[in-house]
Number of protein chains: 2
Amino acid sequence: MAKESNGVICLCPLDGVIDIISKKWALLIINEIGNHKRIRYNNLMKELQGITPKTLADILKELVKYGLVKREPFNEIPPRVDYTLTDDGEQLREAIIPILQWAISRKGTVVAHCSCSLIEKGKALVRLRS
Amino acid sequence: MAKESNGVICLCPLDGVIDIISKKWALLIINEIGNHKRIRYNNLMKELQGITPKTLADILKELVKYGLVKREPFNEIPPRVDYTLTDDGEQLREAIIPILQWAISRKGTVVAHCSCSLIEKGKALVRLRS
DNA sequence: CGGCATCCTGTGGGATACTG
DNA sequence: CAGTATCCCACAGGATGCCG
């Protein structure tokens, strides 16, 4: 993407977006922060079962760089950092709702007793709009 | 994803979806096929500038497996294969439109003389709905 | 608590060449 | 024309351990 050909620089609208949404955890993190409005690092760790601290930190940093997530550190002991979505991040979150709905309709009905909290998030997302 | 924890299998609605949309070219290919309704392999190669035959073949195979794309081979000389979207694939394509729109609004106005045909595709997608 | 530093592996995907 | 076959590598991301 964003390659140059015929001497013209490509500003393809998908450029960059792929870089964001193609990261395995990025959408999940954005969704998660959006669900909580305001959430701390370790709380994210708990919700996003299976993610490693490194990966979470890496992607958070990237999302902040992209202007999708806002990082608010507090000078407290113990240290505390809050993460929230920027307006842009919130808009992206809403933009992925149709994909969530598509995924759910495709999978059939969501089972009740699933330990995976992502299901609840999916529902939460969909509920936003319906 | 689709991991087992507490003895319960997770049927997270995002499971599998990430595997699809996280592939760099998958959405582009789905979009491209959708734009053309029916398109042949080499035509896809031309439209998706920069993709290698291996990558295109790999992802097409996967999309077929996922039931998003339909492959129609003809017994002709020279050989001919048409690709079309399944209903499911078409629905996914529509589900990503909001993300496209978000991307475009974020990037600002699309420039006119861009050699990258992806822009046209983005426009085409958006035009579908507006 | 909220990270960062290191190490390591799997694999998406690029380049190139060949084929039924 | 519509792919395979190989080779190769950059990079996401897991595991583990340390730090202010």
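Note that the structure is a prediction, hence the values are computed from the model and not measured. What you see below is based on every heavy atom in this structure, not just the backbone, and it leaves out hydrogens, waters and symmetry mates. Residue numbers start from 1 in every chain, and the chains themselves are labelled A, B, ... in the order their sequence lines are given, proteins ahead of strands.
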Every protein N/O within reach of nucleotides 4-10 of chain D N/O, cut-off under 3.5 Å:
residue: D/dT4; atom: OP1; partner: B/Lys61; partner atom: NZ; Å: 3.3

Going through the checks in order, is the side-chain contact (heavy atoms from CB on, under 4.5 Å) test met by A/Leu68 and A/Arg93? CA-CA 10 Å; A/Leu68 301 174; A/Arg93 178 166 174 261; over 6 Å; no

Output, in order, the C-alpha distance, side-chain angles, deciding distance and verdict of side-chain contact (heavy atoms from CB on, under 4.5 Å) for B/Val81 and B/Phe74. CA-CA 6 Å; B/Val81 180; B/Phe74 297 86; 5.9 Å; no

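Residue A/Tyr83 is classed as a sugar-phosphate contact, given heavy-atom separations below 4.0 Å to backbone atoms only. At a threshold of 4.0 angstrom between heavy atoms, the contacts of A/Ile77 with the nucleic acid are absent.
Contact check, B/Trp25 against C/dG12: no side-chain N or O comes under 4.0 Å of OP1 or OP2. For A/Thr52 and D/dA15, the shortest distance from a side-chain N or O to OP1 or OP2 is not below 4.0 Å.
With D/dG14, C/dG12, D/dA12 as the candidates, the nucleotide lying closest to the side chain of A/Lys23 is D/dA12. Residue A/Arg40 has its side chain nearest to C/dC1 when only C/dG3, C/dC1, D/dA15 are considered. For B/Pro78, taking side-chain heavy atoms from C-beta onward, the closest of the listed nucleotides D/dC1, C/dG2, C/dG14 is D/dC1.
With rounding to the nearest 0.5 Å, the separation of NZ in B/Lys23 from CG in B/Leu28 is 14.5 Å.
For the pairing with B/Asp82, the side-chain hydrogen bond (donor to acceptor under 3.5 Å, both in side chains) check across B/Lys37, B/Lys70, B/His36, B/Arg38 returns one residue only, B/Arg38. Checked against A/Val69 for a side-chain contact (heavy atoms from CB on, under 4.5 Å), the options A/Leu63, A/Ile59, A/Thr84, A/Asp88 give a single hit: A/Leu63.
Between B/Ile21 atom CD1 and C/dG12 atom C1' the separation is 16 Å, expressed in whole Å.
Comparing A/Val81 and B/Pro79, the nucleotide of DNA chain C nearest to each residue sits closer to the 5' end for A/Val81.
When all heavy atoms of A/Pro98 and B/Ala95 are compared, the pair lying nearest together is CB-O, 3.5 Å.
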